[in-house]
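Here is the structure we will look at, set down as C-alpha cells.
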Amino acid sequence: MHNTLIATWRMAQDGIIKAMDIDSLEDAVTHVVINVEDNPLFHSVGYGGLPNSKGEVELDAAFMDGDTLNYGAVAAVQHIKNPILVAKTLSRYQRNNVLTGHGAFEFAVQNGFEARDNRYPLSQLKWRNTLQDLPASEQLEAYDGHDTVCVLGCSPAGKVCAGVSTSGLFLKNSGRIGDSPVIGSGCFADSAIGAAAATGVGEDIMKGCLSWEAVRLMQEYSPQYACEKVVAEHTAKLMSRKGECGSISLIAINNKGEWGAATNKEEFSFVIGQPWKPVQVWLAHCRNNTVSVELASEEWLSNYLLRLNQGSGN
Ligand code: ASP
C-alpha cells in the first residue's frame with residue numbers, strides 16, 4: 001500500500017491505480033503488467049500484441065527481485081496468457097531461469113499457467129494489410145518499436161523490483177529476441193541501489209546494457225540524472241559509430257523511491273504512483289538533445305483517450 005511504482009506508457013495507468021492497494025511489491029508490479037497483457041487495445045503487449053512477420057504473436061517478459069537478484073524471463077513464447085507470471089515463477093528457481101519458445105510454453109503449461117491464443121482480429125488485420133501494401137521491390141523490415149510495458153517498484157523498506165513484457169517489434173523475424181528478457185538490458189533491479197527498465201529498439205538497447213548502466217550510475221547520481229546520462233551518451237555513441245540509433249526510453253527508481261525518466265524521442269509517457277498521492281501521467285521529451293519532464297496536461301490525456309478509441313494508443 002505504501003509502495004512507489006513507475007511504469008512506461010500511459011497504458012499502465014489503470015493497473016497502477018489498482019496496484020497502489022496491493023501490499024506485496026512483487027504482486028503490485030506484476031499486477032500492472034498483467035493489466036496491460038490482458039487488454040487487446042494495447043497492441044504491443046500480451047493479447048493483441050504486434051505479430052511477427054509470420055503473423056504469430058511471440059512474447060518476451062522478465063521479472064527481477066532486487067533483494068535476492070533472482071531473475072526469470074521467457075522469450076519468443078506463444079500462446080501464454082500472462083508471460084510475466086511465468087517469468088516471475090522462473091526467477092525463483094536455482095537454474096533454468098530463462099526459457100525460450102516451445103520450452104517456455106511447455107514449462108508454463110506443466111506448471112498450470114493459463115494458455116491463450118494472443119492473436120487478435122485488429123492486429124492480424126494490421127499485419128495482413130501491411131504485407132498486402134508492401135511494394136514487391138521492398139523487403140519486410142521490423143518496425144522501429146517503442147511500446148514495452150516496464151514496471152519498477154520500491155517498497156517502504158527500500159526493496160526494489162522490476163517486471164517487463166512485450167510482443168517486441170512489429171514484423172520481427174520469428175524467433176527474434178529483444179532487450180526485454182535480457183538481464184541488464186530490458187531491466188535490472190538491485191535493492192542496494194535501485195532498478196531501471198528500457199523500452200525502444202531492443203537491438204540498440206542491448207548494445208549498451210542500458211538498464212544495468214542506469215542502476216550502476218544511481219550509486220552516484222539521482223535517477224533522473226542517471227536516465228538522462230545513459231540515454232544521451234548511448235544515443236550519441238551509436239550515432240557516431242554507425243550513423244543511426246533507434247527509439248530509446250528509460251525509467252528508473254532508487255531505493256528511496258526517487259524516480260527518473262528520459263528518452264531520445266519527441267515524447268514518451270510514463271506513470272507514477274506514490275503513497276498518498278494521486279496516480280499521475282508524466283511526459284518526457286527530448287528536444288535539441290535536452291530532456292525535459294512534465295506532468296501530462298488535461299488536453300494530452302483526452303487526446304490519448306481519443307487515439308486509444310481509434311486503435312492507436314499505448
Ligand atoms: N524493446 C522492445 C523490443 O525490442 C520493443 C519495445 O519496447 O516496444 O523487443
Side-chain angles (χ1 to χ4, degrees), residues 6-12 32-33 36-37 39 41-53 56-64 73-78 83-84 87 98 100-101 104 118 123 126-127 141-152 162-188 196-214 227 230-231 234-235 238 244-252 261-271 284 286 312-314:
I6 176 168
T8 54
W9 304 113
R10 156 64 180 81
M11 62 186 172
V32 182
V33 178
V36 179
E37 285 179 340
N39 190 336
L41 284 184
F42 303 131
H43 41 73
S44 51
V45 179
Y47 184 37
L50 295 168
N52 66 15
S53 58
E56 304 156 340
V57 181
E58 287 189 328
L59 303 172
D60 295 343
F63 181 85
M64 184 159 188
V74 291
V77 66
Q78 292 186 51
I84 188 66
V98 181
T100 63
N118 285 304
S123 44
K126 181 175 167 166
W127 167 70
E141 283 259 18
Y143 277 35
D144 184 330
H146 192 214
D147 300 300
T148 299
V149 64
C150 305
V151 187
L152 307 174
V164 300
S165 184
T166 188
S167 56
L169 305 185
F170 181 40
L171 301 179
K172 65 186 180 181
N173 281 355
S174 169
R176 177 259 188 194
I177 293 173
D179 57 304
S180 303
V182 176
I183 190 166
S185 285
C187 69
F188 195 80
T199 174
V201 175
E203 287 75 1
D204 286 345
I205 292 167
M206 286 190 277
K207 291 182 174 92
C209 306
L210 297 189
S211 295
W212 154 255
E213 183 59 5
C227 286
V230 168
V231 173
H234 189 62
T235 304
L238 292 193
E244 58 180 328
C245 177
S247 316
I248 296 178
S249 299
L250 208 57
I251 55 171
T263 184
N264 64 3
K265 299 305 280 186
E266 178 70 18
E267 184 180 282
F268 159 59
S269 66
F270 59 99
V271 185
C286 181
S312 61
N314 59 17

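Order of appearance sets the numbers: ligands from 1, and atoms from 1 within every ligand.
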Look at atom 4 (O) of ligand 1 and find which of P181, G202, S180 reaches it with the closest heavy atom. G202

So which bit of E58 gets within less than 4.0 Å of ligand 1, heavy atoms only: side chain, backbone, both or neither? neither

So do V230 and L250 actually touch side chain to side chain, heavy atoms under 4.5 Å? yes

Working to the nearest 0.5 Å, report the span between SG of C187 and CE of M64. 7.5 Å

Judged on heavy-atom distance to atom 8 (O) of ligand 1, which of T166, T8, V182, D147 sits nearest? D147

Between D147 and S44, do the side chains contain an N or O donor and an N or O acceptor separated by less than 3.5 Å? no

Between OH on residue Y47 and CG on residue L59, distance to nearest 0.5 Å: 13.0 Å

Any nitrogen or oxygen of E203, main chain or side chain, under 3.5 Å from a nitrogen or oxygen of ligand 1? no

Return the CG to CH2 distance between N52 and W127, rounded to the nearest 0.5 Å. 8.5 Å

So, is V201 polar-close to ligand 1, with some N/O to N/O distance under 3.5 Å? no

In sequence, state the C-alpha distance, the side-chain angles, and the governing distance for N264 and C245, and then conclude on side chain to side chain contact (heavy atoms under 4.5 Å, CB included). CA-CA 9 Å; N264 64 3; C245 177; 3.8 Å; yes

Decide whether an N or O pair under 3.5 Å exists between D179 and ligand 1. yes

So does R176 pair up with E203, basic N to acidic O under 4.0 Å? yes

Could you go through the ring pair (Phe, Tyr, Trp, His ring centres under 6.0 Å) check for W9 and F268 one step at a time? CA-CA 7 Å; W9 304 113; F268 159 59; 5.1 Å; yes

Give me the nearest non-hydrogen protein atom to atom 6 (C) of ligand 1 as residue plus atom name, then the distance to 0.1 Å. T148 OG1, 2.9 Å

Considering M206, R176, K172 one by one, which has a heavy atom nearer to atom 9 (O) of ligand 1 than any of the others? R176

If the cut-off is 4.0 Å to any non-hydrogen atom of G168, which atoms of ligand 1 fall inside it? 9 (O)

Contact check, G200 vs ligand 1, heavy-atom distance below 4.0 Å: yes

Counting from 1 in the order shown, the ligand 1 atoms closer than 4.0 Å to a non-hydrogen atom of G178 are 9 (O)

